[in-house]
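Heads up, the thing below is written out as structure tokens.
Computed over heavy atoms, backbone and side chain alike; hydrogens, waters and symmetry mates excluded. Both counts, for ligands and for their atoms, begin at 1 and track the order of listing.
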Amino acid sequence: MVRLEGYRACEAVLRAPEARQALYDEGAVVMEGTLLTLHGAEHAARRAVEVRVFRRDFLRHYAREVYPATLETTLTPFLAAGGGDLVDLGYRATVNLTADFAGIDRPENNDEETGALLAIVKLFSEGATLVHATGDRDAIVARVRSALAAFETRFLAPSRDRRKAILHARGAEALPRDVLSVIVAAESELPLDPATLAREMAFYMQAGAHSTANATVHAFHELWHWAGDAADRQERLAEPLFVQRAVHESLRLHPASPEAWRTLVAPLSLPGLATLPSGARLVLDLHAANRDRTVFGDEADRFIPDRALPEGVLPSGLSFGVGVHSCLGRELDGGTLARPGIPANSVNLGIVPMLVARLFALGAAPDPDDPPTADPRTSRPNWGRYPVRLVKAQ
Ligand code: HEM
């Protein structure tokens, strides 16, 4: 097992075709055969089909036309209560988003249905990140198996059958734009057995919801403490492009997965290191790489939203991955990064910046009587509860 902590070394491995995904081997119950775990030609074929959903025109349409309404519906109970748990809000807002992209219908469109899907998706996340679980692993696997069965019966089967019926009656043009539709339409090009399809959809649901919710809470926390009582900083919380940049800076400090794991399928030479043999297992410490002082400077550990970056380094560092497995949801969640001088209203801000900006507009503040706590179910540094009050909502 070789551990790499430097930014350039981690980036080189993520881009290397010799390195196969290995982080989810333990989470096979929900991850086996999913896009993130495939390698080589099999991965390229699956990705080429699924990437069709993530085209820029659709992301823009989704962020502008669909998501604002979803967000307001999700916020309604929090507004009525004058606050709530930000982790829960993050999950509720993003579970609907992810379901839209994955192609999981919610015909009832009510709180109970969102809650049921959310409970299932949280179990999928526990299954996928089993390698970092702190609880009894067999019990987690058993819970994930029942969640997969419940998901199949209540959500996946009706969504799949509806798409098949549309395809049969009206053709591919009439299908909704989502991952399940492209898979149903590409059945001969990309046949997936029912169990693999269920895991693929489960993977999308958890990949999107879990990381989006965590990114939202971390960004809120960082920005809240950064602004403090300084009036000039508080004013900047109302600037959408600043919030977007700050979300990416927070993502750099808090990668959804603090490590990536790879196994070499052929020898790999890395600059400054001996050639690593085929079969070597590599742990890429993304948390450390994103704080590499040779890239991000002496204050690499600090949250500095306006920081200058070297050419070719993303503000979010390696947090969305790079190379063949780079995140398909990056522009959806983080938006299209604004270039200097571009007006805010012409930029796709991204779901997380939109959500964080809305929270500040509502005067969200940590609840002084109920401090946030870390998630005890994982060794990953995530918030488990983050109670806030919406001061301007009343
Ligand atoms: C802030 C939110 C998110 C973060 C930080 C994030 C992070 C990542 C990372 C690090 C990877 C690569 C993992 C690796 O190389 O081992 C990845 C892959 C992926 N992400 Fe995301 N993600 C986010 C949101 C989303 C959303 C919303 C979706 C879908 C709606 C999504 C879909 C995917 C998919 C499909 C892959 C696999 C790509 C492949 O293997 O070819 N992600 N994500």
Atom 36 (C) of ligand 1: closest protein heavy atom, distance to 0.1 Å, is F203 CZ, 3.9 Å

Which protein heavy atom lies closest to atom 38 (C) of ligand 1, and at what distance to 0.1 Å? R47 NH1, 3.4 Å

Note: ligand 1 atoms sitting under 4.0 Å from heavy atoms of A215 are 1 (C)

Hey, is A102 touching ligand 1 through its side chain, its backbone, both or neither, going by heavy atoms under 4.0 Å? neither

Between S319 and ligand 1, find which residue part has any heavy-atom pair under 4.0 Å and reply side chain, backbone, both or neither. backbone

Once you restrict to heavy atoms under 4.0 Å, what part of V324 touches ligand 1? Side chain, backbone, both or neither. backbone

Closer than 4.0 angstrom, basic N to acidic O: yes or no for E42 and R46? no

Structural part of E50 in contact with ligand 1, heavy atom criterion under 4.0 angstrom: neither

P255 near ligand 1, heavy-atom distance under 4.0 Å? no

Neighbour count >12 (heavy atoms, 6.0 Å) for atom CZ, R160: yes

Could you tell me whether D57 atom CG has more than 12 heavy atoms of other residues or ligands within 6.0 Å of it? yes

Do you reckon V356 sits in the same ILVMFWY cluster as L362, going by side-chain contacts under 4.5 Å, direct or chained? yes

Sorted by chain and residue number, which protein N/O/S atoms are under 2.8 Å from atom 21 (Fe) of ligand 1? C327 SG

Using a 3.5 Å cut-off on N or O atoms only, is H325 in polar contact with ligand 1? yes

Test: side-chain hydrogen bond (donor to acceptor under 3.5 Å, both in side chains). Region: residues 89-106. Which pairs qualify, not counting sequence neighbours? Y62-D100, D88-R92, Y91-H210, N96-R106, D100-R106, D105-R162, D105-R163

Using only heavy-atom distances, determine whether the side chains of E259 and W261 contain a donor-acceptor pair under 3.5 Å. yes

Under 3.5 Å: donor-acceptor pair, side chain of E331, backbone of R55: no

So which of Q21, E331, R262 gets nearest to atom 15 (O) of ligand 1, if we judge by its closest heavy atom? R262

Using a 4.0 Å cutoff against the non-hydrogen atoms of Y204, which atoms of ligand 1 qualify? 35 (C)

Looking only at distances, please establish whether an N/O atom of ligand 1 is found under 3.5 Å from an N/O atom of T212. no

Is it the case that over 12 heavy atoms from other parts of the model lie below 6.0 angstrom from the CZ atom of R64? yes

Nearest neighbour in protein (non-hydrogen) for atom 13 (C) of ligand 1: L36 CD1, 3.7 Å

L23 heavy atom under 4.0 Å from ligand 1: no

Just checking F242 against W226, ring centres under 6.0 Å apart? yes

Give a yes or no on whether R233 atom CZ has more than 12 heavy-atom contacts from other residues, nucleotides or ligands under 6.0 Å away. yes

Under a 3.5 Å cutoff, is there a donor and acceptor pairing between the side chains of H325 and H43? yes

Proximity winner for atom 29 (C) of ligand 1, if only heavy atoms of W261, F54, F101 are counted: F54

Taking only heavy atoms of S326, which atoms of ligand 1 are found under 4.0 Å from at least one of them? 38 (C)

Ion pair E5/R3, N-O distance below 4.0 Å: yes

Looking at F58, Y67, Y204, which one forms a ring-ring contact (aromatic ring centres under 6.0 Å, His included) with F101? F58

F124 ring center near F203 ring center (under 6.0 Å): no

